[in-house]
2 protein chains.
Amino acid sequence: MPTIIEVAALAGVSTATVSRVLSRPEQVSEDTRLRVLAVVRESGYVPNVAARSLRTLRAAKILLTVPDISNAFFASVIRGAEEAARDAGYSVVVGDTRHDPDVEDQYADMLSRREVDGLIFLGHRLPASLAPMLSRKGAAAPIVNGCEYSPDLGVPSVHIDNAAASADAIEHLIGLGHRRIGVVTGPEISPISRDRLAGAIDAATRAGLRDSLHIRIGDYSAGSAIDHTRDLIAQDVTALFCFSDEMAMGALSAIGDAGLSCPKDVSVIGFDDLPLARYFQPPLTTIAQPKAMIGRRTVELLVDILHGVDSPSRQVTLDHELIVRGSTAQPASAR
Amino acid sequence: MPTIIEVAALAGVSTATVSRVLSRPEQVSEDTRLRVLAVVRESGYVPNVAARSLRTLRAAKILLTVPDISNAFFASVIRGAEEAARDAGYSVVVGDTRHDPDVEDQYADMLSRREVDGLIFLGHRLPASLAPMLSRKGAAAPIVNGCEYSPDLGVPSVHIDNAAASADAIEHLIGLGHRRIGVVTGPEISPISRDRLAGAIDAATRAGLRDSLHIRIGDYSAGSAIDHTRDLIAQDVTALFCFSDEMAMGALSAIGDAGLSCPKDVSVIGFDDLPLARYFQPPLTTIAQPKAMIGRRTVELLVDILHGVDSPSRQVTLDHELIVRGSTAQPASAR
DNA sequence: GATCCGAATGTAAAGGATTACATCGGATAT
DNA sequence: ATATCCGATGTAATCCTTTACATTCGGATC
């Protein structure tokens, strides 16, 4: 693998010129440019990234951490982020933290060490070791959050209006005639779970049905919804609102195990609109998040920070959509 | 952020000594070592990776490409790989190729450019641009495959015995009494799909039931199984063997849509044992692959190559397991 | 007491690219 | 004809670390 020195020699120019041909071609005369490019092509020269990054103090990489890479929701966000990053000349390093603070810190160190230029974290927990970076005055820290807006973090973020989305779900159920509704939330510590819960309660209250909500705390995983569903069925709810499609899947499973059927006996509504949601049995009514767009916008926000553009919008709210499929229907009582 | 020069000055030693303290501590006297470490700790010194990698020509990174990051199967493999990589002092860069050869090549370039020390690719397609690297004589190319063993590639790989696993599935169905069995495969180009198909045919043939198999070509996605399932139901199959759990999910959905029920009317068996498989309705009988272990072993194989250990086993076959859940039962005719 | 050895440490080159600054030559202005 | 300017290119410093080789020094050997 040739170095820039050899390319320069072959083309009969200095290394500076070769470098310019590659990074600022307009500064070089056409003659020289073509000659150098020809040599580059023939020799298969590729700039050494370590040398470049040593000199420029830039890595052209963005670190994207997710709490759980096996979660299909995050997978779609990652895709959107990768696309946008590629457009901006960055590549994405994906890190799976498994909800483990130690691993989070390890990844965060990559930022401190400047192995990557910026960090996007999905989920609600900002690695502890980055706090100093944020509080530092001056240029904004190259850190952006996706999905889990947490105002006190002081980090730009991209998310939907979770309260409004949740209200839509509840209104849908109330509109169908449901008066006993189970709600399975995310963990209490999750800001978006709180927002969704607040939105749900608001919507019920507005309809004069505050007491129709039966709330259980889950953790977004299918397993966590099982017990709650069993329990809520015993409380005679006619509908279930789960704060993730995975939990909705658990709910459907528990409903079947109880010898009941969805939506005849119990309606179920999820959250996320995973690619598989349409293949649930019955196909799942759910709130769709613009997953790829969330990924894309987080990257754009981060790139703005990296390029010193101080973007006017540090909080980006994207649109959600209620997707009505077969898992919600009128309760038996209304038929 | 201090450099090694400042640390050396503070500790009253040369940069060489600081470097040794960090990488080969046994070469340094205890006194000096402790003094330097103290300074390192206080100053928060972290070696600059770009400079190090420039000097050593190593990046301490492994690139892991997957054809589709939203596939839950790959997610588990990635986890295993990350763990093993961490153990070996490497970090993992995950790349999602979306089955796009251009993107594959882009990632492969990271290897040519030495941005990463090695490449693990899941799936069956080796990026074209890497062919020269493989054919080069001498040290083995730092490339390992996971999941999709393809003998002609000449790349070390880790996988299960797909033919045997598939035979297990067919034998299970035959043992239950099924005599008309639909098989929904992966794409024809996929070597593991071919292996599984061969295994299925073998098993059926051994049982004298070669003609009981009704084969349809899918693409591992839930959507692709829908039409095939409808079609196979029309052919009066009593059981379906899908080469992925996702397709099994599509099959279950199509069975429901047809007004039939699983396993009463049609048994379904999948492949992979995704985390969600147990929450399918009914819980899915499937072939479990040791996903995390596949990830781990690919990394170990790669690290051996990187360290010049020529490992005796260039092909690693791991154990699979048939997990019987609720989606398979005797056919109605046998009851 | 001279010689040798080895452990501990230092010196300085090397790794490859970028870029501020210097230089050169020709075109334009006066 | 001379001064000025500008575009194109070259020179060389710089980014930070690692490591081959050199040096130093105390102790063992003869």
Side-chain angles (χ1 to χ4, degrees), chain A residues 1-40 43-61 89 109-117 306-307, chain B residues 1-40 43-61 89 109-117:
Chain A
M1 176 131 318
T3 72
I4 198 172
I5 299 180
E6 300 166 59
V7 173
L10 282 172
V13 297
S14 72
T15 61
T17 299
V18 175
S19 177
R20 278 189 283 254
V21 166
L22 264 24
S23 52
R24 269 182 286 279
E26 72 282 1
Q27 287 187 8
V28 179
S29 72
E30 172 130 17
D31 271 14
T32 322
R33 180 160 14 108
L34 294 177
R35 191 151 33 94
V36 170
L37 284 177
V39 174
V40 166
S43 64
Y45 168 71
V46 193
N48 177 308
V49 285
R52 167 181 294 166
S53 132
L54 173 58
R55 181 60 229 242
T56 60
L57 302 177
R58 289 184 6 124
K61 284 197 180 59
D109 285 346
M110 291 182 68
L111 183 57
S112 322
R113 250 179 283 141
R114 324 219 54 151
E115 277 189 75
V116 295
D117 299 324
L306 291 175
H307 293 359
Chain B
M1 177 126 323
T3 71
I4 199 172
I5 300 180
E6 300 165 60
V7 172
L10 282 171
V13 297
S14 72
T15 60
T17 300
V18 176
S19 177
R20 278 189 282 254
V21 167
L22 266 21
S23 51
R24 268 183 286 280
E26 73 282 0
Q27 287 189 7
V28 179
S29 72
E30 172 133 16
D31 271 15
T32 321
R33 180 163 10 112
L34 294 177
R35 191 151 33 94
V36 170
L37 284 177
V39 174
V40 166
S43 63
Y45 168 72
V46 194
N48 177 307
V49 286
R52 166 181 295 167
S53 128
L54 173 59
R55 182 59 230 241
T56 61
L57 303 177
R58 289 186 3 125
K61 284 195 180 64
D109 285 346
M110 291 182 69
L111 183 58
S112 322
R113 253 179 279 141
R114 323 221 53 151
E115 278 188 75
V116 295
D117 298 325

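Each chain gets a letter, A, B and so on, in the order the sequences are listed, and its residues count up from 1. Values reported hereafter were calculated over all heavy atoms of this structure, with side chains retained and with hydrogens, waters and symmetry mates removed.
Counting to the nearest Å, the C1' atom of D/dT17 and the CZ atom of A/Arg114 are 17 Å from each other. Straight-line distance from the CZ atom of B/Arg33 to the P atom of C/dA8: 9 Å, rounded to whole Å.
Of all heavy-atom pairs spanning B/Ser53 and B/Arg58, the tightest one is CB-O, 3.0 Å. The minimum heavy-atom distance linking A/Ile4 with A/Val18 is given by the pair CG1-CG1, 3.5 Å. Taking each heavy atom of B/Arg20 and B/Val28 in turn, the nearest pair found is CB-CG2, 3.8 Å.
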- Task: Test B/Thr3 against B/Asn48 for side chain to side chain contact (heavy atoms under 4.5 Å, CB included), laying out the working first.
- Result: CA-CA 8 Å; B/Thr3 71; B/Asn48 177 307; over 6 Å; no
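At D/dT9, one or more side-chain N or O atoms of A/Thr32 fall inside 4.0 Å of OP1 or OP2 (strictly under the cut-off). Put simply, A/Ser29 has a side-chain N or O that comes within less than 4.0 Å of OP1 or OP2 on D/dT9.
Atom CG of A/Asp117 sits about 9.5 Å away from atom NE2 of A/His307, to the nearest 0.5 Å.
Within 6.0 Å of CZ on A/Arg113 lie more than 12 heavy atoms contributed by other residues, nucleotides or ligands.
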Contact string for nucleotides 14-26 of chain C, one letter per nucleotide 5' to 3', B = base within protein heavy-atom range under 4.0 Å, S = sugar-phosphate only, - = neither, reads BBBBBB-------
